[in-house]
Amino acid sequence: MSSPATAPALRRETYLNVSFGVKSWLLTTDHKRIALLYLVSITLFFFLGGFFAVLIRLHLLTPEGSLVTAETYNKLFTMHGVVMIFFFLIPSIPAVLGNFLIPLMIGAKDLAFPRLNLASWYIFNLAALFTLYTVITGGVDTGWTFYTPYSSLYSNTHVVPTIVGIFFAGFSSILTGLNFIVTIHTMRAPGMTWFRLPLFVWTHYATSLIMVLGTPVVAITLTLVAVERIFHLAIFNPALGGDPLLFQHLFWFYSHPAVYIMVLPAMGVTTELITAFARKKLFGYHFVAAASLGIAVIGFFVWAHHMFVAGLSPYAAMIFSILSYLVAIPSAVKVFNWTATLYKGSVSWATPMLYGLGFIGLFVMGGMTGLFLAALGLDVHVHDTYFVVAHFHYIMVGGAVMGYLGGLHYWWPKISGRLYPEALARFAAIVLFVGFNLTFFPQFILGYLGMPRRYHAYPPEFQVLNVLSTAGASILGVGYLLPMFYLVWSMRYGPIAGSNPWPATGLEWQTPSPPPPHNFDRTPVVTWEPYDFAGRADLQYPVPRPEPQMFQPAAHD
Amino acid sequence: MSAAHSALAEQFRDMEQQREASSLGMWVFLVTEIMFFGGLFLVYTVARAMHPAAFAAASRHLDVTLGGINTAVLIVSSLTMALAVYAAQVGRRRRLMGFLALTMALGCTFLIIKGFEYADKFHHHLVPGSGFSFPGAEASPAEMFFSLYFAMTGLHALHMIIGVGLVAVLLVHAGRGRYTAEYHTPVEISGLYWHFVDIIWIFLFPLLYLIDIHH
Amino acid sequence: MPEHIASPRIYLRICAILLALTFLTWRAALVDLGPWNLVLALTIAFSKATLVALFFMHVRYSPRRTQLVVVAGIFWLGIMILLTMSDYLTRHQLTS
């Protein structure tokens with residue numbers, strides 16, 4: 001350990017400087033380093049998926065679609081979906097923020113299975129290799145949904161390598177979820193009871209349940225498609241008595257809960273952001289915790305709402321429609337409780353709060369339009385149109401990605417020991433919000449007016465809305481690029497952050513920034529309730545601390 | 001015991017927490033396996049509901065005797081595995097090694113018998129694909145039955161091979177004196193895995209072999 | 001929490017019961033009971049699986065949490081099969 005009196009704060013041993021060299025990173029078992037390894041991987045995939053999106057939006061500037069051929073267009077939207085869902089959204093918050101923060105938040109030294117954690121990153125990279133192989137050698141064109149019999153019998157593109165990639169990505173996801181479940185159950189610090197846990201931990205627990213229960217089903221389903229292609233097994237082949245709808249049942253059994261894998265962690269982040277920047281304890285903590293579990297559980301009962309027009313029995317369709325309305329209730333409970341938390345809070349407009357508020361607004365829009373889709377009669381009209389595309393992008397981009405960026409900003413000081421430039425970050429958040437809405441709101445209108453999704457060309461009367469959407473996408477791109485630059489910049493030139501710059505409650509803020517390799521010098525003993533801002537004099541405004549404030553330039557190294 | 005203390009991983013507080021975590025970890029993994037095999041059981045349920053007669057006819061081409069023997073083999077192997085765990089719990093090293101070896105032998109017996117069954121299917125053109133040939137009008141759904149037969153027993157056999165491998169590793173470590181009455185968690189959790197694979201076969205046997213043998 | 005050590009005699013007894021149930025399931029399949037063949041076969045299979053889980057896998061002596069995990073796994077599989085079959089069974093298209 002460094003000598004306290006004379007050595008500057010930098011010589012303190014942190015997880016970043018405890019060892020150097022490529023091997024110390026590639027063979028690490030420290031959950032914090034693994035989180036950063038994942039950060040690099042998923043950022044690369046985010047830009048790959050974004051690249052496909054750019055090509056799609058450029059192509060759709062004109063009605064006849066002359067940028068790429070129809071076949072290439074099919075590959076573009078397929079690979080955009082596969083990369084964004086399996087290689088960015090599903091890992092994002094859990095693998096980066098969850099890995100980094102869960103041991104810190106519960107007062108543990110690491111996750112339950114650190115080597116399994118590293119293995120799961122390597123498996124993710126193995127999956128990445130298969131996907132990159134597909135991209136380089138000509139792509140896949142089945143849609144990220146791989147509907148049979150096109151995927152199993154007729155497509156001439158690289159279906160099997162893509163499936164192998166997704167299989168391994170899923171395996172990586174399962175191992176992460178398993179690690180989280182065991183860690184949260186068995187490694188909480190003394191006094192850290194379930195109802196003293198931050199909501200971030202509750203939502204990651206709920207997410208892990210979904211990962212563990214759902215992912216194996218898509219794994220076996222896609223395996224069957226691959227096996228049908230390679231060995232000509234007869235499972236989904238209608239000519240041999242199979243039912244293509246059976247594939248859809250199996251596929252959506254995972255892929256619907258998967259969207260909750262994508263949004264629940266962002267909800268956990270949002271709870272942390274709202275409480276920290278309203279300076280108030282969460283309204284209805286128990287309800288929000290229960291709602292997190294409720295979303296995970298009920299989310300498994302609604303999958304066939306993706307199949308309303310595919311040939312489902314109408315009686316089954318009715319059951320699934322009602323259940324789909326039911327799953328909106330716990331989400332609504334959360335939104336209500338966030339709003340009640342804000343009420344009479346001491347609200348600050350720091351960047352993470354902007355993302356948190358953005359999440360709430362955009363998630364509500366996305367969620368409400370989901371209710372339109374859950375209504376059988378309406379769905380017949382808007383299914384497979386841009387209405388659906390807008391709906392899920394509002395949740396996955398307006399919701400999940402904003403939650404991810406908000407969390408990244410909020411915990412950036414803890415992760416890097418530095419503060420990012422606040423003014424520039426707020427500007428980027430606003431640019432992102434404007435760009436996002438300009439990109440996707442026109443798509444609601446397009447869908448309602450009848451423009452089908454996954455079509456490479458469209459009737460000329462839809463061009464104006466498409467141009468607006470593409471213009472929005474370019475603004476959105478700027479909003480994404482800015483944080484990449486200033487976050488990296490801040491690692492070298494940002495002001496040094498103290499252990500609790502916001503300041504906020506939570507065990508992660510009671511250890512230095514960046515944390516030492518084993519997180520805490522002594523195992524904490526928890527005796528306080530979560531989000532107890534009122535009870536802590538040291539957390540009231542103005543903050544009576546000598547540590548550098550966010551808006552004052554601090555001494556650099 | 002120095003062996004026990006060196007076996008404590010640094011993220012854990014004590015051996016009890018480590019044992020608890022390892023056990024819960026294996027159980028959560030087994031739940032993922034329930035859902036993994038479960039997808040195949042769902043396909044089977046739907047396919048058999050849609051083509052009951054074809055499934056019955058196809059099922060009669062499976063060898064019930066061999067399937068029955070294999071069921072007994074696996075049940076006894078679960079016994080020997082449970083006895084191996086017991087031996088580890090009471091610190092009887094040689095007995096532990098003996099029961100692990102027996103479990104491996106029984107597992108290999110199962111795989112060999114399975115191999116004979118698969119070879120027989122090849123001979124009779126019952127492997128799905130271009131070489132498939134089944135008498136009567138129910139040829140197509142019968143091909144589905146055999147697709148499921150190979151998929152389900154194949155996935156099960158893959159898990160058996162992994163299980164045999166796991167037990168082999170345990171045997172080597174037991175030989176080196178790694179397991180004591182205080183620390184034998186790997187033996188316990190490998191036992192859980194082995195019993196689970198046995199349970200899968202307990203369902204596969206009646207669902208694949210015994211659909212309709214009274215005609 | 002010390003682990004429970006079951007006596008080998010229990011394991012032997014359970015093994016004998018399992019082998020007997022296997023014999024029973026084979027003999028029952030030789031008798032034509034119509035749709036009840038499947039019900040009987042599944043009942044026996046579930047009983048065998050339960051015995052393996054409770055005694056060989058020590059679920060009987062395990063903490064509540066482990067038992068909850070097991071029940072959850074079976075429950076989720078059940079949901080998947082039941083809700084999917086709610087489609088097939090109400091389609092009026094099942095052919096023999």
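First the proteins, then the strands, lettered A, B, ... as listed; each starts at 1. Keep in mind the model is a prediction, meaning the values are calculated, not measured.
- Interface remark: Val69(C) contributes backbone and side-chain atoms alike to the contact with chain B (heavy atom separation under 4.5 Å).
- The number of heavy atoms from other shown groups lying within 6.0 Å of OH (Tyr61(C)) is above 12.
- Counting heavy atoms from C-beta outward, Trp26(C) and Ile213(B) have side chains that approach closer than 4.5 Å.
- Counting heavy-atom pairs closer than 4.5 Å to chain B, the top-ranked of the candidates Ala41(C), Ala49(C), Ser7(C) is Ala49(C).
- Looking at Thr66(C), only its side chain comes within 4.5 Å of chain B, counting heavy atoms on both sides.
- Comparing Asp32(C), Thr25(C), Leu18(C) by heavy-atom pairs within less than 4.5 Å of chain B, the highest count is held by Asp32(C).
- Taking chain B as the reference chain and counting heavy-atom pairs below 4.5 Å, the highest number among Ile74(C), Leu42(C), Ile81(C), Ile14(C) is found for Ile81(C).
- Of the atoms belonging to Phe46(C), heavy atoms from both backbone and side chain fall under 4.5 Å from chain B.
- For a residue to count as touching a neighbouring chain, one of its non-hydrogen atoms must lie under 4.5 Å from one of that chain's; by this rule Glu188(B) touches chain C with the side chain only.
- Remark: the backbone N or O of Met57(C) is not paired with any side-chain donor or acceptor of His195(B) at under 3.5 angstrom.
- Of the two parts of Ala6(C), only the backbone, made up of N, CA, C and O, holds a non-hydrogen atom closer than 4.5 Å to a non-hydrogen atom of chain B.
- For Leu12(C), the parts lying near chain B are the backbone and the side chain together; criterion is any non-hydrogen pair under 4.5 Å.
- Interface residues of residues 67-86 of chain B toward chain C, defined by a heavy-atom distance below 4.5 Å and sorted by number: Thr71(B), Ala72(B), Ile75(B), Val76(B), Ser78(B), Leu79(B), Ala82(B), Leu83(B), Val85(B), Tyr86(B).
- Interface check for chain B: of the options Thr22(C), Val52(C), Ile44(C), the most heavy-atom pairs under 4.5 Å are formed by Val52(C).
- Within residues 200-212 of chain B, the residues approaching chain C closer than 4.5 Å by heavy atoms are, in numerical order, Ile202(B), Phe203(B), Phe205(B), Pro206(B), Leu207(B), Leu210(B).
- In this structure, chain B has a heavy atom under 4.5 Å from the side chain of Val59(C), while its backbone stays farther away.
- Atom CE in Met35(B) sits 4.5 Å away from atom CE in Met80(C) (nearest 0.5 Å).
- Your options are Asp87(C), Leu77(C), Leu21(C), Val70(C), and the one with the most heavy-atom pairs under 4.5 Å with chain B is Leu77(C).
- In this structure, the side chains of His214(B) and Asn37(C) come closer than 4.5 Å at one or more pairs of heavy atoms.
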